[in-house]
Every structure is written in structure tokens, then in C-alpha cells.
Amino acid sequence: MKLLHYTYRKLSLLLFLLMAGWGVLFYYAIVEEVVDETDDTLENYAYLLIREILRDPALLNTHGNLMSAYSCRPITEAEATDYQEVFYDTSIYIEIEDEYEPARAMRTIFRMPDGQFYELTLMISTMERNDLQEAMLWYLSILFFLLLICTSIGIRLTLKSIFRPLQRLIDWLQDIEPGKPVPPLNNPTQIREFRLLSDAAIDMAGRSYKAYEEQKQFIENASHELQTPLAIVRGKVELLAESESLTEQQMKELDAIYTTLNRAVRLNRSLLLLSRIENGQFAEQENISMDEIIDDSLPDLMDIYNHKHIHLTRKRGDSPFIVRCNHALAQIMLSNLIKNALLHNQNQGKLQIITTSDSLLIKNSGEASLDKEKLFQRFYHAIDGNKDSNGLGLAIAHTIATSASLNLSYEWEDNMHCFRLAKDGKIKSKQA
């Protein structure tokens, strides 16, 4: 969710809660004010009515008019001693409308000249609370929606203007590519935080590009510097091996040295390749058919391990497995996976390669499950520390798969090692 939409939604929710709370408080405030004014009216009316009754005692037997009603009841002096004036809500029957209407009532006492106390009950018709609630609900709803629309448009335009420098900065960050110079950023703003953020982003991008160039240069220099002495040493070992004065034991030692040198050369090349992949130096990508690469490289690899007499099963889906990747890296990834399945296969074992439109499955015979947590780590030798393996083949394949947005995973199924390569993390297996 965009920051603009998130902020807009939060402000709208806050505005809604404030309006709802204000509406409730406004309703109770109005009701309280109406009740207070009604009680004042009752007190004034009671004062005038008592004064008229004192002048004309005949009014003790009357009961008021259409808008108000009253009655007088004689009480004893004992009742009058502790009497308290009260106000309460009640209802009054309106004969013309033939229904009861809400009313506010008051009870008080007064004393006639002859010493008799009377209780006066006075009622005044008031508005219905339900009608008041309904009317206030409609008016507040209309007011709320009008205010919400106006403020929403204003808030959105204001926020969009405020966050425009941030959007420009995000667009600029998305244009930055590893290994390429940092593009200029034209992002003028009066907001101090955005200025600091832009300056920090420019500084970070500059330092990242400089570190990338320095690391790239170091890797290339280190690789070349290592290749030269390794090649010289290997050449001298070859020359020394041609000497006729060497004993059989010395020849064995030279052969071990030569094998170690070859492993060092392969290790140097593999580490250089890993670093170049992680630094994004294989930027050229295209749509590649995994089936074509497999069919091109599989015969040569099978010939290399022909001595194991491995039984190959190759299955294809209705459509080829197409991925967007660097062609050279795709070849290295598939070559490493197939070589791993051949190298660590059993004599007269099985190799199954199955492709669908969105996945690749490579299965080979095995004796026990491997550690999935460590399998794709560098220098991890899964099976008996095989001397022909430098422990980087699967790590390189996993790094290439990740750079191409593919998911490479391992499972142990039916006494076979299963490596699955799928798009978008969707692992789909098909049984052979």
C-alpha cells in the first residue's frame, strides 16, 4: 500500500471517529439543554399557577389546557415537612390526536391561606426523543458526508503535494542499477526531512557504486594474480614430471601436487564466478529454453560418466520450460545440477530429468537423504567429501537460480535425490 493511501485512510478513519463522537456528544448536549430549559419553564409556570390558585381557590379543581396539565392533591403537614421537589419524564394523553405524547413533569407543594398543604403536579408536552434522534441522525449524516468529501479531496491533494518529493526519490532509487553510474537526482523540496533523506540516498548510492567498483576490481585482480602463479607452478610440475630421474614415489607425489593445483584452479574460477553473479555482472538476459540447453549438454556429460552405466530417463512436457536468464549462467546452472546428479549417483543407478512448462525435476539414485539446510552452502560436501567436487557446484546453481527469480529446492523421495527448479517459487513435481 502506498504511503499516500495509507495516510489518507488513517486520516479519514480519524475524521469519521471524531465526527461520530462529536455527533453523540452534540445529541446529549442538545437533549440536556432542552430538558434544562423545560425544567425552568416548569418552575416559572408552577410559580404563576400557584399565584393564580392563591387568588382563586377554585382553580384547585381544574386540570390545565392542551399544552399542559396540572392537578392538585391535598397532603398532610407531615408529608409536607420532608417533601422534595422533583422533575421526571412521563407521557400525557392528547385527546385530539388520540395518542400519548412525551411530557416533562414537576411535583412541588404549596400552602393555602387556610394552612392546608397541596401537592402540585404540572406536566408540559415536549418533543419526542425518537424524532429528535432521527432528525439529528439525518442532519449529522448529511453534514458528515459533505464534510468528509470536502476534507478528503483537500487532504488527498495536500498529501499528494507533500509526498511528491518522496515519490520522485522512490522513482530515482528504482532507476539505480548495480554496476552503473548513479543518475542525477533533481528533487527540490522545502521539507527538511525529505532533503535529508535525498542527501542520504545520494550519498549511499555513491558509496555503494564506489564499493561495487572497488570489489569488482579487487576480484578481477585477485583472480588474475592467482591464475598466473598457479599456471606457472602447474607448468613446472608438468616439466618436472617428464624427468627420467624421478622415482615412482616421487611421481606419485607430483601427481598429488598436480591434482591439488587443478582443484585450486577450479576453485579460483568458481569463486570468481560466484562473485560476478552476486555483483550482477551478468546483466544481459533473454528468454531461454531449458530443454534445449539440457539436450545440448546431456550427451557430453553422459559420456564423461559412462563408466558408471547410469540409466537415463528423459521426459518433456507439452511445452518447453522457458525462463528469463543470462544464457551463459543458465548453461552453468544446468550443467552443475546434471553433473552433481551424475557424480554422486550410484553405479548402474538411475537419472531422471523431467521438464514441464514451468519446472525442471532432476532425480538420481542415492543411499540417504541430504541436509537441506546446508546443501546449498559453499564448500559443503554432501557425500563423503568427494575429491572431484570443490563444494561450490550447488552453491553456484542456487545463486544463479535466485538471480533469475527461480526456486531451487531439494527433496528425498523414493530413495532418490530430487532437485526441483521452478518459477515464482511454485514447486511442481511429476512422478517418473
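Within 6.0 Å of OH in Tyr83 there are more than 12 heavy atoms belonging to other residues, nucleotides or ligands. Remark: Glu286 CD is packed, more than 12 non-hydrogen atoms of other residues, nucleotides or ligands lying under 6.0 Å away. Crowding of Glu292 atom CD: a count of heavy atoms from other residues, nucleotides or ligands under 6.0 Å not exceeding 12.
Rounding to the nearest 0.5 angstrom, the gap separating the CD atom in Gln250 from the CG atom in Asp255 is 13.5 Å. For the atom pair Thr355 OG1 and Lys315 NZ, the distance stands at 11.0 Å (nearest 0.5 Å). Taking CG of Leu329 as the start and NE2 of His327 as the end, the distance is 11.0 Å to the nearest 0.5 Å. Taking CD1 of Ile353 as the reference point, atom OG1 of Thr313 lies at 9.5 Å (rounded to 0.5 Å). Separation of atoms OG (Ser369) and CE (Met416) is listed at 13.5 Å; rounding is to 0.5 Å. The line from OG of Ser357 to NZ of Lys423 is 6.5 Å long, rounded to the nearest 0.5 Å.
A heavy-atom distance below 4.5 Å is not found between the side chains of Cys325 and Gln285. Between Thr121 and Tyr70 the shortest side-chain heavy-atom distance does not fall below 4.5 Å. For the pair Asn407 and Thr402, the minimum side-chain heavy-atom distance is 4.5 Å or more. The side-chain heavy atoms of Ser297 and Ser335, taken from C-beta on, include no pair separated by under 4.5 Å. Residues Asp39 and Val35 have side chains in contact (heavy-atom distance under 4.5 Å, counting atoms from C-beta outward). Within the 4.5 Å cutoff, side-chain heavy atoms of Leu375 are placed close to those of Phe419. Counting heavy atoms from C-beta outward, Arg314 and Leu351 have side chains that stay 4.5 Å or more apart. Under the 4.5 Å side-chain criterion, counting only non-hydrogen atoms from C-beta, Val323 is not in contact with Asn287.
Between Arg195 and Asp199, no side-chain nitrogen of the basic residue sits less than 4.0 Å from a carboxylate oxygen of the acidic one, so the salt-bridge criterion is not met. Ion pair Asp36/Arg104 not flagged as a salt bridge, since none of the NZ, NE, NH1 or NH2 atoms sits closer than 4.0 Å to an Asp/Glu carboxylate oxygen.
Minimum heavy-atom separation, Ile293 to Ala330: CD1-CB, 3.7 Å. Listed here is the closest heavy atom pair of Leu169 and Ala201: CD1-CB, 3.8 Å. Between Ile310 and Met302, the closest heavy-atom pair is O-CE, 3.8 Å. Summarising the geometry of Pro165 relative to Ile162, their closest heavy-atom pair is CD-O, 3.2 Å, with the distance given to 0.1 Å. The heavy-atom pair separating Leu394 from Phe376 by the smallest distance is O-CD2, 3.7 Å.
Side-chain contact annotation: Ser359 with Thr356, donor-acceptor N/O pair under 3.5 Å present. Defined by atom type and a distance below 3.5 Å, a donor-acceptor pair is present between the side-chain atoms of Tyr88 and Arg107. At a cut-off of 3.5 Å, with distance as the only test, no side-chain donor of Arg168 or Ser198 sits close to an acceptor on the other residue.
Although no hydrogens or angles enter the test, the distance criterion places a donor-acceptor pair under 3.5 Å between the side chain of Trp172 and the main chain of Pro183. Formation of a donor-acceptor pair under 3.5 Å by the Asn326 side chain with backbone atoms of Ala328 is found in this model. Formation of a donor-acceptor pair under 3.5 Å by the Lys363 side chain with backbone atoms of Ala341 is not found in this model. With hydrogens and angles disregarded, no donor-acceptor distance shorter than 3.5 Å links the side chain of Ser161 to the backbone of Leu157. In this structure, Ser403 contributes its side chain and Ile400 its backbone to a donor-acceptor pair below 3.5 Å. A side-chain donor-acceptor contact under 3.5 Å links Asp291 to the backbone of Phe321. Counting only distance, with no hydrogens or angles, the side chain of Lys308 and the backbone of Leu342 share a donor-acceptor pair below 3.5 Å. A side-chain donor-acceptor contact under 3.5 Å links Asn345 to the backbone of Lys350.
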Residue pair Leu360, Ile294: steps toward the side chain to side chain contact (heavy atoms under 4.5 Å, CB included) verdict = CA-CA 10 Å; Leu360 164 66; Ile294 293 173; 3.7 Å; yes
Audit row: Leu334, Met290, side chain to side chain contact (heavy atoms under 4.5 Å, CB included) steps and yes/no = CA-CA 8 Å; Leu334 294 179; Met290 298 286 103; 3.7 Å; yes
Please lay out, stage by stage, how Leu166 and Leu197 fare under the test side chain to side chain contact (heavy atoms under 4.5 Å, CB included).
-> CA-CA 9 Å; Leu166 181 61; Leu197 186 61; 3.8 Å; yes
Run the side chain to side chain contact (heavy atoms under 4.5 Å, CB included) check on Thr90 and Met123 step by step: do they pass?
-> CA-CA 8 Å; Thr90 185; Met123 292 182 289; 3.6 Å; yes
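With sequence neighbours left out, the salt bridge (Lys or Arg N to Asp or Glu O under 4.0 Å) criterion links Glu411 to Lys372. Residues meeting the side chain to side chain donor-acceptor pair (under 3.5 Å) test with Ser365, sequence neighbours left out: none. Arg324 meets the salt bridge (Lys or Arg N to Asp or Glu O under 4.0 Å) test with no other residue; sequence neighbours excluded.
No option in His417, His398, Arg420 other than His417 meets the side chain to side chain donor-acceptor pair (under 3.5 Å) test with Tyr410.
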